[in-house]
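Scroll down for the structure; my scribbles are underneath it.
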Amino acid sequence: MTGVIVRSLSGFYDVDVQGQTLRCRGRGKLRYQKQKPLVGDRVEITPLNESEGALDSILPRRNALDRPAVANMDQILIVASGAVPVTDPFLIDRITALAIAVDCQPVILFNKWDLVPVPELAEIYANAGFTVIPCSARTGQGVEEIRSCLRDRISVFTGNSGVGKSSLLNALEESLELATGEVSAKLGRGRHTTRMVELFRLPGNALAADTPGFAAFDPQSPELMDAQALAGYFPEFRPYLSDCAFVDCAHVREKGCGLLKAIEQGKVSKSRHDSYVRLYQQAKEYRPWENRGKNGPS
């Protein structure tokens, strides 16, 4: 039988097989082959009884991340907000770039729109070619649009702690009853209420995961450490990358750079380019030999 790992607990894996969950333990050959099952993995199992099984093999992955440990994502839904806690656009840009680097569709949800709408910021990402959904877990705004977006896909929700990831999932499926945290008025940020990655089944054959906040995403993710490839992870940059005077243009401050010219002409957002420069500098300073063992799961 084949199914999807929806939860990992101390060497046991809950596998969803057409709506039924079996708790499985991995075969010894997986440890011998140094294969680590991840939430989201499609796996082959052998049922042992009505509630238990043995995990035989991991089917080929479409993609995978190390932090958070999840595989086969169709899309990452980045929950942002103009209300407390206010989301730094750089964090959005880092996760959109990471999603594209691992062949995953980024979707940006601007939650708490009823409290603080951010139309100018939303327009930047819409113009960059991303799906943008203004929403409110409190009023229900955008919930049906999000539900449609999730249909038939494996999705991962991420964002600042306190921005409303769990609240949105609860709005999508009331029976989940996920814990939600209050935002500290003093610190301007929320407390972590999600401790692990877990896939929840939602209407429309959807699987969705609530993950810990942005801090769980490795800021030096190996996928973002290729400085030469980085500009391609910003979709709106691509039409201008071939207009540079030099083939090895870094698109940072070089003369004759087609991308910088497009920014001057207002065709590309300066804030998006500022984020690119920050990521580019991180990539240039990356030392692979100092990060052995952080190359993500196989």
Side-chain angles (χ1 to χ4, degrees), residues 65 68 70 73-100 102 104-174 176 178-181 183 189-190 192-194 197-200 202-204 206-217 234-236 269 271-272 275:
L65 291 174
V70 60
M73 302 161 289
D74 293 304
Q75 55 189 5
I76 296 179
L77 283 80
I78 305 161
V79 184
S81 173
V84 176
V86 178
T87 303
D88 181 349
F90 174 69
L91 299 178
I92 302 176
D93 296 334
R94 178 158 60 88
I95 304 303
T96 57
L98 177 60
I100 292 171
V102 298
C104 186
Q105 182 70 31
V107 177
I108 304 168
L109 311 180
F110 284 103
N111 193 26
K112 305 185 184 182
W113 194 268
D114 56 315
L115 299 177
V116 182
V118 283
E120 296 85 0
L121 189 59
E123 185 178 11
I124 287 174
Y125 293 100
N127 289 342
F130 298 117
T131 297
V132 175
I133 304 177
C135 57
S136 169
R138 189 175 68 87
T139 68
Q141 177 186 356
V143 169
E144 285 305 316
E145 191 175 351
I146 298 170
R147 185 174 285 121
S148 177
C149 183
L150 298 175
R151 191 179 305 275
D152 296 319
R153 294 182 174 92
I154 294 179
S155 306
V156 172
F157 282 67
T158 192
N160 304 70
S161 297
V163 81
K165 303 182 297 295
S166 299
S167 296
L168 280 173
L169 279 165
N170 286 337
L172 290 161
E173 180 54 66
E174 293 181 0
L176 292 180
L178 300 179
T180 59
V183 176
R189 63 174 183 264
H192 295 289
T193 56
T194 305
V197 179
E198 179 177 357
L199 284 173
F200 302 99
L202 302 176
L207 286 170
D210 186 9
T211 68
F214 274 122
F217 281 82
F234 288 71
E236 72 275 36
S269 163
S271 70
R272 289 273 291 164
S275 293

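Keep in mind it's a predicted model, so treat the numbers as computed, not measured.
For the atom pair OG (S275) and CG (L91), the distance works out to 8.5 Å, reported to the nearest 0.5 Å. Rounding to the nearest 0.5 Å gives a distance of 11.5 Å between CZ of F110 and CD1 of I133. The CD1 atom of I154 lies 12.5 Å from the CD1 atom of I76; values are rounded to the nearest 0.5 Å. I92 contributes atom CD1, which lies 5.5 Å from atom CG of L121 (distance to the nearest 0.5 angstrom).
With N111 contributing its side chain and S81 its backbone, the two residues share no donor-acceptor pair below 3.5 Å. Remark: side-chain polar atoms of K165 are paired, donor with acceptor, to backbone N or O of N160 under 3.5 angstrom. R147 contributes a side-chain N or O that, together with a main-chain N or O of L172, makes up a donor-acceptor pair within less than 3.5 Å. Using modelled atom types, one side-chain atom of T211 and one backbone atom of F157 make a donor-acceptor pair closer than 3.5 Å. Not a single donor-acceptor pair under 3.5 Å links the side chain of E236 to the backbone N or O of R272. The closest donor-acceptor contact from the side chain of D74 to the backbone of S155 lies at 3.5 Å or more, if one exists at all. Judged by distance alone, with hydrogens and angles left aside, the side-chain atoms of S148 form no donor-acceptor pair with the main-chain N or O of E145 at under 3.5 Å.
Minimum interatomic distance between G82 and V116 (heavy atoms only, all atoms of both residues): O-CG1, 3.6 Å. T87 and A80 get closest at one heavy-atom pair: OG1-CA, 3.3 Å. Across all non-hydrogen atoms, the minimal contact from T96 to D93 is OG1-O, 2.9 Å. Residues R138 and D114 approach most closely at NH2-OD2, 2.6 Å, considering heavy atoms. Residues A128 and P235 come closest through the heavy atom pair O-CB, 3.8 Å. The two residues A206 and L150 make their nearest non-hydrogen contact at CB-O, 3.2 Å.
Using a 4.5 Å cut-off on side-chain heavy atoms (C-beta onward), L77 and I146 make contact. A 4.5 Å side-chain heavy-atom check between N127 and S269 finds every atom pair outside the cut-off. Between L202 and L169, some side-chain heavy-atom pair lies under the 4.5 Å cut-off. Between L65 and L98 the shortest side-chain heavy-atom distance falls below 4.5 Å.
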Side chain to side chain contact (heavy atoms under 4.5 Å, CB included) evaluation trace for I78 with F130: CA-CA 11 Å; I78 305 161; F130 298 117; over 6 Å; no

Side chain to side chain contact (heavy atoms under 4.5 Å, CB included) evaluation trace for W113 with Q141: CA-CA 8 Å; W113 194 268; Q141 177 186 356; 3.6 Å; yes

